[in-house]
Protein chains: 4
Amino acid sequence: MSNIVDEVNKFREERDWNQFHNPKDLAISVSLEASELVENFQWKSSEEALLEKQQNIKEELADVLIYSLMLASDLGLDYQEIIREKLCLNRQRYPVTKSKGIKKKYTEL
Amino acid sequence: MSNIVDEVNKFREERDWNQFHNPKDLAISVSLEASELVENFQWKSSEEALLEKQQNIKEELADVLIYSLMLASDLGLDYQEIIREKLCLNRQRYPVTKSKGIKKKYTEL
Amino acid sequence: MSNIVDEVNKFREERDWNQFHNPKDLAISVSLEASELVENFQWKSSEEALLEKQQNIKEELADVLIYSLMLASDLGLDYQEIIREKLCLNRQRYPVTKSKGIKKKYTEL
Amino acid sequence: MSNIVDEVNKFREERDWNQFHNPKDLAISVSLEASELVENFQWKSSEEALLEKQQNIKEELADVLIYSLMLASDLGLDYQEIIREKLCLNRQRYPVTKSKGIKKKYTEL
């Protein structure tokens, strides 16, 4: 288990917040933080958003990661391992020869 | 830079997908994957969802993490560092003495 | 075209906001307001949320509707007509005999 | 109460789905459908999305509206009335003289 996960878990344990953290509400929280991340880009191009909102983008992205690590941890999952497993699955779904430079979904390839 | 970030970046570079990955669309993708994660819990308790949808929950959570790491990388941010910075900010906003066992937002504490 | 759509459109025309309202950003706005609606239910049961947050739930739901009507209007769609068309499609996908009291997706029926 | 609300409610009553429709899960459903709407615009400009995905955009927008009308109905709210109330509030927050042609949030005006 990575050290960063321990730091995230320590934060909530110190505050006794685990009692609120059921998987459904943690998944909702990941999604809410992701929306707050997107909000920085509302009515803007990427360039305008980065110029005006860089600090907030960084903070909301961190929040997405924090809740994601908490959820993975509560489900007994190593976050690096599930990333590697998904990349492995994606390599099969999107073979380089078929998907290079193409933004189609694997079901349409 | 952590090794897992290199693996994520290698996946898209091999497919020449960086050309599509502007920060606005990456943020949108983080949010869309977070919604697919939540979809596993729709009309269900956490327990029912984990019983019926564990594999899919794992995959969608991995997708949230993959897009988050890509976005952090494209913005020149170390994902562990922004998590640590945010935890630091949250420790100030939510001092243990004020927030222990309480689920209020810091603006309401 | 329903009268409520005219009221919504009048609001933004008076403010000269149509210039910002491309369909992609309007769709994003519908999604952001939907997340603000969900935020009222974060870490809570429906009952707790309605007790504590009724006014805000009402306002965020109104925001979802306002952006949805704007988007429909900009795409030249009558909102009542697209609802009726979708209900018609759903009646075929979910015949009463097969779906009564069952919360499965039509692809799993 | 508008006729379109009756049609939406009749659809779920015939299928006996009201038993699943607690406000929290309905709010989540509004948000999930909004994300499916946004998905049509992922990695695309508005123009590309409308060219390739017009039918799906129409269907997902209808789904957002259907769940929003169900939620309003279950909370005892008239959807047109809450839109009018929100427009009224927005007129106070965004006076024409201050907000014409300006996309700032009312808290920043």
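Keep in mind it's a predicted model, so treat the numbers as computed, not measured. Every chain is numbered from 1, with letters handed out A, B, ... down the list of sequences.
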With a 4.5 angstrom heavy-atom cut-off, is it the side chain or the backbone of Lys44(D) that approaches chain C, or both, or neither? backbone
Part of Leu32(D) lying under 4.5 Å from any heavy atom of chain C: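 Answer is neither: Leu32(D) stays 4.5 Å or more from chain C.
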Answer yes or no: is there a side-chain heavy-atom contact under 4.5 Å between Leu109(D) and Tyr94(D)? yes
Could you check whether any side-chain heavy atom of Asp63(D) comes within less than 4.5 Å of a side-chain heavy atom of Lys86(C), counting everything from C-beta outward? yes
Most heavy-atom pairs under 4.5 angstrom with chain D, which of [options]?
options                                : result
Gln54(C), Arg91(C), Gln19(C), Arg84(C) : Arg84(C)
Lys24(C), Glu47(C), Glu60(C)           : Lys24(C)
Ser46(C), Ala27(C), Ser35(C), Ala34(C) : Ser46(C)
Leu26(C), Asn40(C), Ile102(C)          : Ile102(C)

Part of [X] within contact of chain D (heavy atom distance under 4.5 Å):
X        : value
Asn90(C) : both
Ala72(C) : both
Val64(C) : side chain
Glu85(C) : side chain

Find the one option among Leu65(D), Ile57(D), Val8(D), Asn22(D) whose heavy-atom pairs under 4.5 Å with chain C are most numerous. Leu65(D)
Closer than 3.5 angstrom, by distance alone: can the side chain of Ser99(D) be matched with the main-chain N or O of Pro95(D) as a donor-acceptor pair? yes
Do the side chains of Asp74(C) and Arg12(C) get close enough for a salt bridge, i.e. N-O under 4.0 angstrom? yes
More than 12 heavy atoms from other groups under 6.0 Å of NZ on Lys103(C): yes
Residue Lys98(D) excluded, over 12 heavy atoms near NZ under 6.0 Å: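 Open: at most 12 neighbouring heavy atoms sit under 6.0 Å from NZ of Lys98(D).
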Dump the intermediate steps for side chain to side chain contact (heavy atoms under 4.5 Å, CB included) on Ile83(D) and Leu69(C), then the final yes or no. CA-CA 10 Å; Ile83(D) 291 175; Leu69(C) 295 188; 3.8 Å; yes
Could you give the distance from CD1 (Ile66(C)) to OG (Ser68(D)), rounded to the nearest 0.5 Å? 11.5 Å
